[in-house]
Amino acid sequence: MPEKQDTRKVTPRSQDFAEWYNDIVQRAELADYSPVRGCMVFRPDGFAIWEAIQAELDRRIKRTGARNAYFPVLIPMSFLKKEAKHVEGFAPEVAVVTHGGGKELEEPLVVRPTSETIINHMFAQWIHSHRELPMMLNQWCNVLRWEMRTRLFLRTAEFLWQEGHTAHATREEAERETLTMLEVYRGFVEEYLAIPLIVGKKSAAERFPGAEETYTIEALMGDGRALQCGTSHFLGQNFAKAFEIKFLDESNQLRFAWQTSWGVSTRLLGAVVMVHGDDQGLRLPPLVAGTQVVVVPIYRKPEEEAAVMASARSIAEALQAADLRVQLDSREGLTPGFKFNDWEMRGVPLRIELGPRDIASGELVFARRDLKGAEAKSKAAISEVTVRAKTVLGQIQKSLFDQAKAALASQIREFDSYSALRKQLEGEGGGGFALVYWCGEPACETKIREETRATCRAIPIGQSGAGGKCIVCGKSAADRAYFAKAY
RNA sequence: CGGGGUGUGGCGCAGACUGGUAGCGCACUCGCUUGGGGUGCGAGUGGUCGCCGGUUCAAAUCCGGCCACCCCGACCA
């Protein structure tokens, strides 16, 4: 049971989104700042969401054939330097260990910012034959990147993630794997986190250092800015060549492996907050909520208390027996109104109110977190509480997705003139995704970024349109791309 | 790393301009009261005012320096 928390109102979302976000994260007790700059503490309610994400995503990852392993947090400095683009991309943000055991180290060690190098070093030793391919590993771990500017969950120096690394015999198979994982992420984030996505390829400028192609899932936050929620990279043979991952194929030819890597991080928690939260607090999709149902007992006199608590307890037990994550709010000395607000702040999807009246009538009150006002409340027969709760939780999951989907749809705009695009992005807020034809030239992308601060978020895959004219230079453009201001 | 802001009980703030030995709200403890949308009343606990130095009989307050954190930008999951 949580502690009673302070009762200050949160900063309204519409007034100051960044303040609102910090308020929610801390008052819903998801996380707190640490004594070390840029690092954060995951509190139990926040970590529970990560655990729910891990449990389901781990299942989905394993279903594709990958297995979990664990590689060390410390990597020889020289490893990072083996792939030119990779070191260029990560060198500025690595933390380096120079001393150990009271002595200066022979070779400095970096705290992993990602594990491509150490994993591929091991791959080179493990892979000799096409019979050993594909090799598909995943690890759940922490990584460290010395970020200039940090925000709880969205960008912290240390963060938790899973990173998958695979090696394949052919380009085609590796490319297929890249897209398979992209689809695993899309399915998981949309179905579990109820966050609708834009899916596509990254531009060269936004590509992972060392990758040949990067694919992304992008979501829209409540303030109209985009957030990259996961990436899947086709690495080609870049790392295989740098780390000499070679195998003999069926015709006894020595070949370099084709590789992928892919990951999602605890940033997803920030996305959940920013997509679903409102001025009352957090709103959690039932599938990842640490507590899915809370039972709030209501009573006056001691004799009422006994009856209500007995009934509330048996209802909570029945829900629990049906595999729902339940809490019975038995805290004393707090009014029901206080508890209602408290659980709303914490984002619990379904609240059950139970008092003497309900026991007398055989019905209790359901209050849904996804709806507002009178609409949020309904009655359910006590005898059917388990079935009804499951049904309603399913509806809440869908309703949160539908609300977010509508918000996303309303924030996607197509432009065919640069001045109109610029006007939209420069306007107050300037949020949302702009869908425009782009020729693919970095110069045009740079112009948009410099003049509007929006970046290319994704280029949808497999566009079948007739093509059009680049919104910047007017030359012919095969594909359209999404641009947005991003976190 | 540039711009802005803030550092005073656990949290949010006042006090600073005009130096005089620290105050308010919330939280916390105890008692009563109340309980279907943040109950009410009373009594309490808790602070060397971010750090270092200077001015002064006297510094939260004035002066100098430093540090930390937050927000906005550039860079990035």
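The sequence lines fix the lettering, A, B, ..., with proteins before strands; numbering per chain opens at 1.
- Rounded to whole Å, the separation between the P atoms of B:rC70 and B:rA27 comes to 27 Å.
- Here A:Asp358 lies in heavy-atom contact (under 4.0 Å) with a base.
- Among the protein residues, A:Arg453 comes within range of the sugar-phosphate backbone only, with heavy atoms under 4.0 Å from sugar or phosphate atoms but none that close to a base.
- Legend: residues meeting side chain to side chain contact (heavy atoms under 4.5 Å, CB included) with A:Ala95, ordered by chain and number and at least two apart, are A:Val111, A:Leu144, A:Trp146.
- Counting any heavy atom pair closer than 4.0 Å across all strands shown, A:Phe208 reaches no nucleic acid atom.
- Every side chain to side chain contact (heavy atoms under 4.5 Å, CB included) that A:Ala367 has, sequence neighbours left out, goes to A:Arg351, A:Glu353, A:Lys377.
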Can you give me the dot-bracket string for RNA chain B, 5' to 3', counting Watson-Crick and G-U wobble pairs with both distances under 3.5 Å, using [ ] for crossing pairs and | for partners on another strand? ((((((((.[[[[.)....(..]]]].(((((.......))))).....[[[[[..)....]]]]])))))))....
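- Applying the side chain to side chain contact (heavy atoms under 4.5 Å, CB included) test to A:Met309 and every residue at least two apart in sequence or in another chain returns A:Pro297, A:Tyr299, A:Glu305, A:Arg313, A:Leu328, A:Ser330.
- Residues passing the side chain to side chain donor-acceptor pair (under 3.5 Å) test with A:Gln162, sequence neighbours excluded: A:Asn138, A:Tyr185.
- Side-chain nitrogen and oxygen atoms of A:Arg457 include none within less than 4.0 Å of the OP1 or OP2 phosphate oxygen of B:rA77.
- For the 3.5 Å distance criterion, the side chains of A:Glu213 and A:Thr178 fail to qualify, holding no donor opposite an acceptor.
- Applying a 4.0 Å cut-off to non-hydrogen atoms, none of the residues of residues 181-205 of chain A approaches RNA chain B.
- Between A:Glu305 atom CD and B:rG35 atom C1' there is a gap of 11 Å when expressed in whole angstrom units.
- With sequence neighbours left out, A:Ser261 forms a side chain to side chain donor-acceptor pair (under 3.5 Å) with A:Glu116.
- The separation between A:Asp223 atom CG and B:rC71 atom P is 13 Å, rounded to whole Å.
- Side-chain N/O atoms of A:Lys301 and base N/O atoms of B:rG35 include no donor-acceptor pair closer than 3.5 Å.
- To the nearest angstrom, C1' of B:rG38 lies 13 Å from CG of A:Asp329.
- Judged purely by distance below 3.5 Å, without hydrogens or angles, the side chains of A:Gln403 and A:Arg283 pair a donor atom with an acceptor atom.
- At the heavy-atom level, A:Gln228 lies under 4.0 Å from the strands shown only through sugar-phosphate atoms.
- The CE-C1' distance, from A:Met40 to B:rA77, rounds to 14 Å in whole Å.
- Figure legend: A:Arg457 and A:Tyr482 shown without cation-pi pairing, the cationic atom not lying both under 6.0 angstrom from the six-membered ring centre and within 45 degrees of its axis.
- Residues from residues 265-279 of chain A placing a heavy atom under 4.0 Å of any atom in RNA chain B, listed by number, are A:Ser265, A:Arg267.
- Of all the residues in residues 364-374 of chain A, A:Val365 reach under 4.0 Å from RNA chain B with at least one non-hydrogen atom.
- One atom, CZ of A:Arg145, and another, P of B:rA77, lie 6 Å apart when rounded to the nearest Å.
- Ring orientation note: the planes of A:His121 and A:Phe79 are tilted relative to one another, at an angle of 30° to 60°.
- Taking atom P in both B:rA14 and B:rG7, the straight-line distance is 7 Å, to the nearest Å.
- In terms of polar N and O atoms assigned as donor or acceptor, the side chain of A:Arg300 never comes within less than 3.5 Å of the base of B:rG35 in a complementary pairing.
- To the nearest angstrom, P of B:rU6 lies 18 Å from CG of A:Asn22.
- The side-chain hydrogen bond (donor to acceptor under 3.5 Å, both in side chains) analysis of residues 76-91 of chain A, with sequence neighbours excluded, yields the pairs A:Ser78-A:Glu107.
- Nucleic acid contact class of A:Pro356 (heavy atoms, under 4.0 Å, all strands): base.
- Just one of A:Arg449, A:Glu445, A:Lys201 meets the side chain to side chain contact (heavy atoms under 4.5 Å, CB included) condition when paired with A:Cys456; it is A:Glu445.
- The aromatic ring of A:Trp161 does not sit over the base of B:rA77; the criterion of centres under 5.5 Å apart with planes under 30° is not met.
- Note on ring orientation: taking the six-membered ring where Trp is involved, the planes of A:Phe188 and A:Tyr192 are parallel (angle under 30°, cut-offs 30° and 60°).
- Note: CG (A:Leu154) to C1' (B:rC71) measures 14 Å, nearest angstrom.
- Base engagement by A:Glu344 is indicated by at least one non-hydrogen atom pair under 4.0 Å involving a base atom.
- For A:Arg369, the side chain to side chain donor-acceptor pair (under 3.5 Å) partners are A:Asp278, not counting sequence neighbours.
- By the side chain to side chain contact (heavy atoms under 4.5 Å, CB included) test, A:Ala289 pairs with A:Leu284, A:Gln292, A:Pro349, sequence neighbours left out.
- The same atom, C1', is picked in B:rC69 and in B:rA43; the two are 37 Å apart, to the nearest Å.
- By the 6.0 Å and 45° rule, A:Arg388 stacks over the aromatic ring of A:Phe366.
- Taking atom CZ of residue A:Arg27 and atom C1' of nucleotide B:rG12, one finds them 8 Å apart after rounding to whole Å.
- Using a 4.0 Å heavy-atom distance criterion, A:Arg351 is classed as a base contact.
- When heavy atoms are screened at a 4.0 angstrom cut-off, A:Thr455 is found touching no nucleic acid atom at all.
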